[in-house]
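Just below is one structure, and these are the notes that go with it.
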Amino acid sequence: MKNELKQAILKLKPLYRKIIFVIDFEGYTYKEISLETGIPEGTLMSRRHRAIALLYKELESKKEYNN
């Protein structure tokens with residue numbers, strides 16, 4: 001599963017990949033990223049939500065293909 005998740009993350013657009021990485025792996029908060037990038041927290045939240053939805057879709061398609 002770990003390798004499948006890594007492959008799915010690598011398929012994301014660079015912006016989505018970066019948001020997932022800094023929030024979920026490095027532990028930065030939306031506020032910290034917002035202050036650093038100038039992107040509003042709400043925008044970061046919606047982009048992260050979209051990235052996670054794309055990850056689920058990719059992982060589900062792999063699951064269906066393997067069954």
Side-chain angles (χ1 to χ4, degrees):
M1 179 65 176
K2 186 178 178 181
N3 192 39
E4 291 173 355
L5 179 59
K6 182 178 178 181
Q7 292 301 316
I9 290 171
L10 290 174
K11 287 185 177 183
L12 291 173
K13 291 181 181 181
L15 176 62
Y16 291 148
R17 199 168 44 235
K18 178 148 182 126
I19 290 171
I20 291 291
F21 184 75
V22 296
I23 293 172
D24 297 300
F25 293 100
E26 292 188 349
Y28 286 89
T29 65
Y30 291 109
K31 186 173 187 169
E32 290 171 323
I33 299 166
S34 178
L35 291 172
E36 182 70 28
T37 63
I39 299 171
E41 289 179 58
T43 302
L44 292 168
M45 289 178 191
S46 65
R47 288 180 182 169
R48 180 174 175 263
H49 183 268
R50 177 71 177 143
I52 290 172
L54 290 168
L55 286 175
Y56 275 118
K57 185 177 178 181
E58 178 66 25
L59 292 172
E60 281 297 315
S61 70
K62 291 280 189 188
K63 183 179 170 183
E64 291 173 9
Y65 178 76
N66 289 331
N67 287 331

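Small disclaimer: the values here were computed from a predicted structure and weren't measured.
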Shortest non-hydrogen pair, Ile23 vs Tyr30, comes out as CD1-CE2, 3.4 Å
Step through the shown structure and confirm whether more than 12 heavy atoms of other residues, nucleotides or ligands are within 6.0 Å of OH on Tyr28. no
What pairs of donor and acceptor atoms, side-chain ones from residues 7-20 against any protein atom, are under 3.5 angstrom apart with sequence neighbours left out?
from  : atom 1 : to    : atom 2 : distance (Å)
Lys11 : NZ     : Glu58 : OE2    : 2.9
Arg17 : NH1    : Leu10 : O      : 3.0
Arg17 : NH1    : Leu12 : O      : 2.8

Would you list the atom pairs, donor with acceptor, under 3.5 Å between side chains in residues 49-57 and any protein atom, with sequence neighbours excluded?
none

side-chain hydrogen bond (donor to acceptor under 3.5 Å, both in side chains) with Arg47: which residues, sequence neighbours excluded? none
Please output the side-chain donor-acceptor pairs of residues 32-40 that fall under 3.5 Å, not counting sequence neighbours, one pair per line with the distance.
from  : atom 1 : to    : atom 2 : distance (Å)
Glu32 : OE1    : Thr29 : N      : 2.8
Glu32 : OE1    : Thr29 : OG1    : 3.4
Ser34 : OG     : Ile39 : O      : 2.7
Thr37 : OG1    : Ile33 : O      : 2.8
Thr37 : OG1    : Ile39 : N      : 3.2

